[in-house]
Amino acid sequence: MKALIIGAAGFVGHYLISHLRDACNWQVSATKLKHEEVPGQGISLFDLDILEIGQIRTLLEQVRPDCIFHLAAQSSVALSWKNPALTADVNIKGVINLLDAARALDYRPRILLIGSGEEYGHVKPEEIPIQEENNLRPGNIYAATKACQNMIGKIYADAYGMDIIRVRAFNHIAPGQAPIFVVSDFCKQVAEIEAGIREPVISVGNLSAKRDFTDVRDVVRAYRLLMENGRPGELYNVGSGHAVAIQEILDQILSLSNQKIEVRVDSSRMRPVDVPIIEADISKLCADTGWERQIALEQTIREIVEDWRNKVKAG
Ligand code: A2R
């Protein structure tokens with residue numbers, strides 16, 4: 001299978017390249033922005049700005065992929081508040097550029113559009129676990145642009161008969177994630193405390209919120225299985241199907257350290273409006289692809305702590 005990954009320099013791209021190239025033996029082409037770095041061993045690498053439709057057309061004609069994983073995004077919720085126009089450009093105009101370029105081809109590659117569990121937004125307790133048909137009530141600009149991306153994907157699939165599968169991915173974690181995300185942040189703080197470069201106090205936000213965490217290696221396997229077995233035009237939740245309280249994650253991280261660490265709630269880490277529980281209904285994903293989680297949350301957390309210990313040691 002000849003795959004093209006668009007936006008491969010990010011967190012997910014790194015793991016998706018390894019999975020497709022090493023575990024599946026697929027022929028992988030990948031794109032990055034000019035200034036980004038991607039280890040290019042065993043893959044074909046291209047510079048591509050998704051806002052330049054001419055670049056996408058040329059690339060698709062050159063590569064002629066069987067399938068396209070569209071990861072390129074402005075994926076930070078915080079930055080989406082600061083720069084809503086850029087977020088809308090990359091996440092909405094970007095997907096239109098890709099779909100228009102793909103539509104001009106003389107064949108129909110399968111395209112996977114990656115959206116987010118954030119699209120559901122303010123979920124009501126009685127709506128848990130969240131099904132794909134749930135109302136969308138996005139609570140931030142990033143979420144709204146991803147909802148729009150998915151709606152546009154559905155319209156192109158229906159109107160032009162394109163082979164498009166859409167995903168709403170819930171929280172994914174693994175070594176290598178930026179410490180703006182909660183699990184990576186806690187693990188980094190613990191590693192810094194152990195190294196003596198931070199006082200033995202961990203700053204936390206809302207510990208009662210429950211979220212649906214999956215190891216990113218299980219997530220990219222779900223993406224590949226959807227590429228192989230998903231139904232055209234359909235939308236799939238990708239998550240673990242189990243919500244875990246942030247408190248429980250914190251307890252696990254602290255239990256991995258022999259330091260005595262005080263937990264301090266930092267009000268600046270509290271979101272103005274926080275949804276108490278987010279848990280995906282993944283029955284459609286499991287039924288159509290046979291996917292099931294392979295990596296336990298405890299193992300992922302252990303690996304993230306270890307990764308931060310190594311990074312902190314290396315300075
Ligand atoms: O923003 P940067 O400099 O980190 O670059 C990101 C890149 N990107 C673009 N690629 C092509 N043309 C653009 N105009 C453009 N703007 C940004 O897409 C980054 O290298 C990549 C997305 O990777 P991450 O931000 O690390 O997202 P992650 O965690 O890999 O998630 C993959 C997908 C995204 O669509 C998320 O919204 C979704 O899964 O959850």
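Keep in mind that what you see is a predicted model, and the values were worked out from it rather than measured. Order of listing sets the numbers, starting from 1, for every ligand and every atom in it.
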Minimum heavy-atom distance between E132 and N237, given as atom pair plus value: OE2-N, 2.8 Å

I'd like to know whether ligand 1 has H35 as a neighbour, heavy-atom separation below 4.0 Å. yes

Test of understanding: given a 4.0 Å heavy-atom threshold, classify the contact between N91 and ligand 1 as side chain, backbone, both, or neither. neither

Might you point out which heavy atoms bring A30 and L4 nearest each other, and give the distance in Å? N-CD1, 4.3 Å

Does ligand 1 come near enough to V12 that some N or O of the ligand is less than 3.5 Å from an N or O of the residue? yes

Under 3.5 Å between some N or O of ligand 1 and some N or O of Y142? yes

Just to check, does E36 reach to within less than 4.0 Å of ligand 1 when the distance is taken from its heavy atoms? yes

Is it the case that ligand 1 has an N or O less than 3.5 angstrom from some N or O of I50? yes

If you measure from each non-hydrogen atom of K146 to ligand 1, which part falls under 4.0 Å: side chain, backbone, both or neither? side chain

For K32, look at atom NZ and say whether over 12 heavy atoms of other residues, nucleotides or ligands are found less than 6.0 Å away. yes

Give the single entry among A73, A72, G13 that approaches atom 17 (C) of ligand 1 most closely by any heavy atom. A73

Charged tip of R168 within 45° of Y120 ring normal and under 6.0 Å: yes

So if I count the atoms of ligand 1 from 1 in the order they appear, which ones are less than 4.0 Å from some heavy atom of D49? 12 (N), 13 (C), 14 (N)

Please state which option from G10, S76, S75 has its nearest heavy atom closest to atom 27 (O) of ligand 1. S75

So with a 6.0 Å cut-off around CD of E298, is the heavy-atom count from everything else above 12? yes

Can you find an N/O atom of L71 closer than 3.5 Å to an N/O atom of ligand 1? yes

Ligand 1 versus V90, non-hydrogen atoms closer than 4.0 Å: side chain, backbone, both, neither? side chain

Do E194 and S257 meet the criterion of a side-chain donor-acceptor pair at a distance under 3.5 Å? yes

In ligand 1, which numbered atoms sit nearer than 4.0 Å to a non-hydrogen atom of L48? 11 (C), 12 (N)

